[in-house]
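Written out below as structure tokens is the structure these notes cover.
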Amino acid sequence: MKNGKILVGITHGDINGVGYEIILKLFSEPAMFDLCTPIVYGSPKVASYHRKAMELTTNFVTIASAEEAAEGLLNLVDCLNEDVKIDFGQPSAESGKAALDALERALDDYRKGLFDVLVTAPINKATIQSDQFHFPGHTEYIQERVGEGREALMILMNDVLRVAFVTTHLPIREVAQAITKEAVMRKVRILHEALRRDFNVSKPRIAVLALNPHAGDDGLLGTEEKEIISPAIQELEKEDIICCGPYAADGFFGNRTYEYFDGILAMYHDQGLAPFKALAMENGVNFTAGLPIIRTSPDHGTAYDIAGQGKADASSMRQAVYTALDVFRNRKRDEEAHANPLRSLYHDRRDDSDKLKLNSPDE
């Protein structure tokens, strides 16, 4: 933090998408600077091009390092060593490299302690691939770079839903073999800890979805529920984790059963994301749980179809920043609440005892 404001690192994402548009629109609102100090990792030339193309008026200042970030301003660290071509709505190797350059610089600065939380604008997962980046997405790359050996868990969330996943960016033909008892239990534990620590839910209630239609129909449509998912839930209950299921996904979302739970564990990407995006509308957030770094992102992609047209909605980006700030504060409160409480209590009692002795008529 700097002068009491949380420092938010923001990567510009794919420069041919809507990343700069949603960043510039969001920080055209003066109230955002009352909440945080933003540090954008990108390019002043690219930012200026986007701003002019869409007739935006948001001002920013170029800084050489995050250490120079000034309160009340949209700070921009220049991460690109050369000029790049901007072609709105078109994927390119050049735009992928620009996205990776910004992300690498941001993670280097995070490791130096130069900002508190990270918000990533959308990337194109195909064009960003390179010798340095051979991952399905942001989550896996961030886990390797700054995860400190911990396992990440992708959570899509808004005010109504928090949906996590056992598998994420995996072809459907590989999903079933990736669903193991151990994997389900690991993911539930990470989700449980995130709900407790990051979202301040004292006794989280977690729903676990089935893999097969109709939750396997007692083995008729698959045995994963009986042999893997149910045994995992039973073991987790012994750890005092409240988790229920496995629920058939169609009925679970169709009947609004999700309203009774603090978090949901889906088995694969589209099982959880399709209903989430249908319900979340424009305010969904992608949160990476389980890692030391606090990282969020809008739940939409590069939106090439509307890039450069001034039509992008900054609501999801706004919620991504809000969520990162909330999680930062919740973690701080959790750390303070668990910082040697017995030791503090002992010293308090000892001091009271000493005061009583000093005031005693026998002294």
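Heads up: numbering here begins at 1 and tracks the sequence. The model shown is predicted, which means the values in this text are computed figures rather than measured ones.
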Charged N to carboxylate O below 4.0 Å: is that the case for [X] and [Y]?
X      : Y      : answer
Glu182 : Arg186 : no
Lys97  : Asp101 : yes
Arg256 : Glu259 : yes
Arg318 : Glu29  : yes
Arg189 : Glu239 : yes
Asp299 : Lys277 : no
Asp14  : Lys125 : no
Asp34  : Lys5   : no
Asp108 : Arg105 : no

Is the distance from the ring center of [X] to that of [Y] below 6.0 Å?
X      : Y      : value
Tyr260 : Tyr258 : no
Phe165 : Tyr268 : no
Tyr247 : Phe261 : yes
Phe27  : Phe60  : no

Distance, nearest 0.5 Å, that separates [atom1] of [X] from [atom2] of [Y]:
X      : Y      : atom1 : atom2 : answer
Arg205 : Asp262 : CZ    : CG    : 4.5 Å
Glu71  : Leu7   : CD    : CG    : 9.5 Å
Arg295 : Tyr110 : CZ    : OH    : 13.5 Å
Ile293 : Glu148 : CD1   : CD    : 10.0 Å

Would you say that [X] contacts [Y] through its side chain, given a criterion of any heavy-atom pair below 4.5 Å between the two side chains?
X      : Y      : answer
Phe115 : Val8   : no
Lys181 : Glu235 : yes
Met157 : Phe199 : yes

Contact summary for Ala183 and Thr180, nearest pair of heavy atoms: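 Result for this residue pair: N-OG1, 3.0 Å.
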
ILVMFWY cluster, Leu195 and Val188 together (side-chain gap under 4.5 Å): yes

With the 4.5 Å side-chain cut-off for hydrophobic clustering, are Val46 and Val61 part of the same group?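 No, no single cluster joins them.
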
Using 30° and 60° as the class boundaries, would you call the ring planes of His50 and Phe88 parallel, tilted or perpendicular? perpendicular

Please determine whether the number of non-hydrogen atoms from other residues, nucleotides or ligands lying under 6.0 Å from atom CZ of Arg333 exceeds 12.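 Yes, because the 6.0 Å sphere around CZ of Arg333 holds more than 12 heavy atoms from other groups.
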
Step through the shown structure and confirm whether more than 12 heavy atoms of other residues, nucleotides or ligands are within 6.0 Å of CD on Glu55. no

